[in-house]
Structure formats: C-alpha cells, structure tokens
**Q** 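Next up is a structure, given as structure tokens.
All residue numbers in this chain count up from 1 along the given sequence. None of these values were measured; they are calculated from a predicted model.
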Amino acid sequence: MFWTSYLLAVLALILAWPVPVLLSRAQWPARSPFTAMVLWQAIALAGGLSMIGAMLVYGLEPIGDNLIAGLKSLAGMVFNNEPTTALGFWHLFALSAAALLTAHLVFTLLLTYYKIERQRRRHRELLALLASPSDDGPGTVVINHDSPVAYCLPGGARSVTVLSDGLMAALEPAELRAVLIHENAHLSQRHDLLLWAFAAWRQALPWFPTTRLAQTAVNSLIEMLADDVALRTESKVTLIKAIAIVASGTSQPAFDGQPVSGNQATGGGQALAGGQALNAGGAVVEGNAVSATGGADSPRTTASRVSRLLSPKPPLTKAARVLVLAASALLLAVPTALLIVPGLLG
C-alpha cells in the first residue's frame with residue numbers, strides 16, 4: 001500500500017505541474033483541437049484521482065493490504081465502533097484530507113453549476129424583455145445595440161444565439177453565416193459542459209497555476225473546434241473577417257439598467273463570484289469568475305485563432321492522434337489500476 005500511495009503521489013505531482021505547463025506551451029494542440037481537449041480532460045481527471053487516491057491509500061495502509069480491504073476495515077471502525085488504534089495521526093490526517101478534498105471538489109462543481117444556471121435564467125429573462133426574434137432561424141434573437149455582439153446562451157431546448165443590430169449591419173451575409181455556424185457549434189457540441197467543469201476545477205483549486213493554464217487552453221480549444229465547423233461551409237477569409245468584426249465590439253450596452261463593460265457586453269452576461277470581465281465568447285479566462293454563457297474568446301485567443309487561419313499548419317497525422325488518445329486513456333487507467341487491481345487480485 002505504501003508504494004501504491006507513493007506512485008500515486010508522484011503521478012499527481014507530475015500532472016499538477018510539469019505536464020500542464022508543457023502542454024500549454026506546445027504548438028500542436030492547434031493542429032488537432034479535439035485530441036488536445038481529450039488530453040486536457042484526462043490530465044484533470046487523472047490528476048484529481050491520483051491526488052485523492054494517494055492520500056486515501058496512505059491513510060488505509062495500517063488496516064488493509066489494498067484499497068478494498070482497507071475500506072472494509074474503515075467501515076467496520078465507523079459503523080461497528082471497532083478500535084481505531086491501528087491508525088496513527090498522519091494516517092487519520094491523510095484520510096481526513098482525502099475526504100475533505102473530495103467533498104470540496106464535488107461541492108464546488110455543484111455550486112458552480114448552480115451559479116451558472118441562475119445567471120443563465122436571469123439572462124434569459126432579460127433577453128425576453130430586450131431581444132426580438134431574428135429572421136436567421138429559430139433559436140436566434142437580436143438585441144438593439146450598435147456594437148458587434150454575438151454569443152450563445154446554452155440551455156438544451158432553450159438554447160439561443162444572440163446577435164446585435166450592429167453586428168448584422170457590419171457583416172456580409174457569408175460572414176453572418178459563419179458567425180451563426182460558429183455559435184451553433186458551441187451549442188451542438190455542448191462546449192458549455194467543458195467550460196463548467198474546468199471553471200469548477202479552477203474555483204476549487206485557485207492556488208494551482210495549472211488550473212488557470214487548463215481553463216485558458218480549453219477556452220481556446222473550443223473556439224478552434226467551432227471555427228473548424230464553420231470552415232466546412234465558409235472560406236477562411238470570410239471567417240477571419242467575421243472574427244475581427246465580432247472582436248471589435250467594445251461599446252457598453254446595459255442590461256437591467258446596469259452598464260456592462262465592453263468585454264462583458266460581447267460575452268452576453270455579467271461575471272460571478274469575483275467581478276472579473278467576461279471575454280468575447282462568454283467564458284472567463286482571468287480570475288475566478290464564472291460565466292453564464294457559452295463560448296470563450298479572449299484577445300489572446302482571438303489572436304491565436306486568426307494566426308491559425310492565416311498560417312495554417314497540417315493537422316496531426318492519424319498515428320500522432322492515436323498516440324495522444326492512447327496516452328490519455330493510459331493516464332486514466334494507471335491510477336485506476338493502482339487503486340483497484342490489487343484488491344481484485346486479492
């Protein structure tokens with residue numbers, strides 16, 4: 001059990017710092033955003049599992065040869081009032097830390113979801129008062145504002161894409177189609193779920209620099225994924241012009257009588273739990289705020305998107321994609337095996 005906890009702790013440390021830093025600096029994710037997204041998710045899940053698992057296994061070491069046996073012994077202590085003298089101070093500390101960290105992560109995930117849903121509900125109520133249906137199709141509404149504004153508000157069957165008068169006046173028909181396809185891609189691919197998960201991870205562990213790196217990278221990758229969908233039907237020139245025009249929106253529309261700063265306006269909502277501004281797609285990339293809307297486009301992300309379109313590089317080869325996906329599966333399999341297999345082998 002000691003070596004299992006040691007290996008899990010080492011894996012947790014590797015996934016908490018060097019791996020995310022190296023991945024955030026790599027150039028290849030722009031060549032295969034989906035593959036990179038899978039890898040980021042694997043890093044987050046495997047890192048959390050390894051961190052909690054290391055503390056849990058170490059805490060159970062004196063009362064079991066493996067995790068399953070240790071949990072059975074611990075259950076006997078808790079429910080049958082069996083003596084706990086076998087557990088030393090540090091073992092009890094590790095078990096308490098594992099329980100508290102698990103509860104903290106789950107609670108933060110649920111709290112973040114509640115905040116997002118509350119903000120979305122309020123935002124829909126404001127749109128019902130201030131927006132009018134668009135001729136560009138169902139699920140699209142228009143707000144009266146001169147600044148180019150485009151964002152999506154996820155919500156299942158209630159999902160809506162919001163455009164401004166200023167945007168529709170500034171875009172050519174093909175550019176408007178590209179914007180709509182881009183925003184609809186966010187909704188159809190449920191990018192809001194990824195934003196929710198990584199926002200919650202950052203809220204739960206704000207002192208981890210890697211949570212900021214992961215959230216920023218995921219924000220950028222979902223924009224690239226939506227761009228790739230738009231490129232299936234529209235040209236690169238059209239999409240680049242649309243991106244530039246949407247990114248230029250810096251005016252200050254007001255919702256509910258309160259002005260919203262430029263980036264908040266194009267994000268379509270107000271920040272929660274921190275007051276930081278939203279970016280052009282509606283997700284937070286600075287601070288600990290949580291956005292109510294879908295998409296994620298900061299000035300840095302906009303620059304990388306345009307650079308990617310202006311100077312395209314060939315996609316990753318099939319072999320490289322398979323290798324990254326296999327590494328992602330291995331990241332999840334290793335801590336799971338270390339925790340469960342010894343107990344199954346008995």
Side-chain angles (χ1 to χ4, degrees), residues 20 37-38 40-49 51-52 98-128 139 151-162 183-208 210-223 225-226 255-256 260 263-264 267-298 301 332:
M37 184 74 73
V38 172
W40 273 113
Q41 292 177 77
I43 290 171
L45 290 172
L49 182 61
M51 188 185 307
I52 295 171
L100 288 173
L101 180 57
T102 301
H104 176 61
L105 291 174
V106 173
F107 175 77
T108 304
L109 185 68
L110 296 176
L111 180 62
T112 303
Y113 179 80
Y114 168 75
K115 289 181 177 181
I116 291 174
E117 283 301 306
R118 183 181 62 182
Q119 189 74 354
R120 285 177 182 166
R121 183 170 57 251
R122 178 174 178 269
H123 197 82
R124 288 191 192 95
E125 293 171 353
L126 294 173
L127 287 175
Y151 63 92
C152 57
L153 188 63
R158 298 174 298 166
S159 298
V160 62
T161 297
V162 183
E183 297 302 331
N184 288 332
H186 285 313
L187 296 174
S188 63
Q189 297 181 8
R190 297 309 306 268
H191 292 162
D192 56 300
L193 297 180
L194 292 169
L195 294 175
W196 162 45
F198 281 91
W201 187 29
R202 186 175 180 185
Q203 288 274 72
L205 303 171
W207 56 86
F208 270 26
T210 51
T211 61
R212 176 183 56 82
L213 294 175
Q215 189 181 26
T216 302
V218 168
N219 289 348
S220 180
L221 289 172
I222 66 172
E223 292 299 323
L225 286 170
F255 282 133
D256 201 25
V260 183
N263 284 339
Q264 286 176 312
Q270 293 174 317
L272 300 174
Q276 289 82 354
L278 305 184
N279 58 29
V284 176
V285 293
E286 296 181 2
N288 298 324
V290 178
S291 167
T293 55
D297 197 11
S298 68
T301 299
L332 293 173

**Q** Once rounded to the nearest 0.5 Å, what's the spacing between atom NE2 of His123 and atom CD1 of Ile116?
**A** 14.0 Å

**Q** If we only count heavy atoms from C-beta on, is the Gln41 to Phe198 side-chain gap below 4.5 Å?
**A** yes

**Q** Which heavy atom in Ser159 sits nearest to a heavy atom in Gly156, and how many Å separate them?
**A** OG-O, 2.8 Å

**Q** In terms of the angle between their ring planes, are Trp196 and Tyr113 parallel, tilted or perpendicular, with boundaries placed at 30° and 60°?
**A** tilted

**Q** Side chains of Arg124 and Val160, heavy atoms from C-beta outward: is any pair under 4.5 Å?
**A** no

**Q** Can you give me the closest heavy-atom contact between Trp40 and Leu221, atom names plus distance?
**A** CD1-CD1, 3.7 Å

**Q** State whether Glu125 and Arg122 are salt-bridged, where the test is any N-O pair (Lys NZ or Arg NE/NH1/NH2 against Asp/Glu carboxylate O) under 4.0 Å.
**A** no

**Q** Just how far is it from atom CG of Leu332 to atom CG of Leu45, taken to the nearest 0.5 Å?
**A** 6.0 Å

**Q** Can you tell me how far the CZ atom of Arg120 sits from the CG atom of Leu127, to the nearest 0.5 Å?
**A** 13.0 Å

**Q** Return yes if some donor-acceptor pair links the side-chain N/O of Thr211 with the main-chain N/O of Leu205 below 3.5 Å, else return no.
**A** yes

**Q** How many angstroms lie between atom CG of Leu193 and atom CD1 of Ile222, to the nearest 0.5 angstrom?
**A** 10.5 Å

**Q** If I take atom CZ from residue Arg190 and atom CG from residue Leu195, how far apart are they, to the nearest 0.5 angstrom?
**A** 11.0 Å

**Q** Mind listing the closest non-hydrogen atom pair of Leu105 and Ala204 along with its distance?
**A** CD2-CB, 3.7 Å

**Q** Which heavy atom in Pro20 sits nearest to a heavy atom in Ile43, and how many Å separate them?
**A** CG-CG2, 4.2 Å

**Q** If you define the side chain from C-beta out and look only at heavy atoms, does anything of Gln189 sit under 4.5 Å from Leu194?
**A** no

**Q** Quick one: CG on Leu109 to NE2 on His104, what's the gap to the nearest 0.5 Å?
**A** 11.5 Å

**Q** Quick one: are His186 and Asp192 in side-chain contact, heavy atoms under 4.5 Å?
**A** no

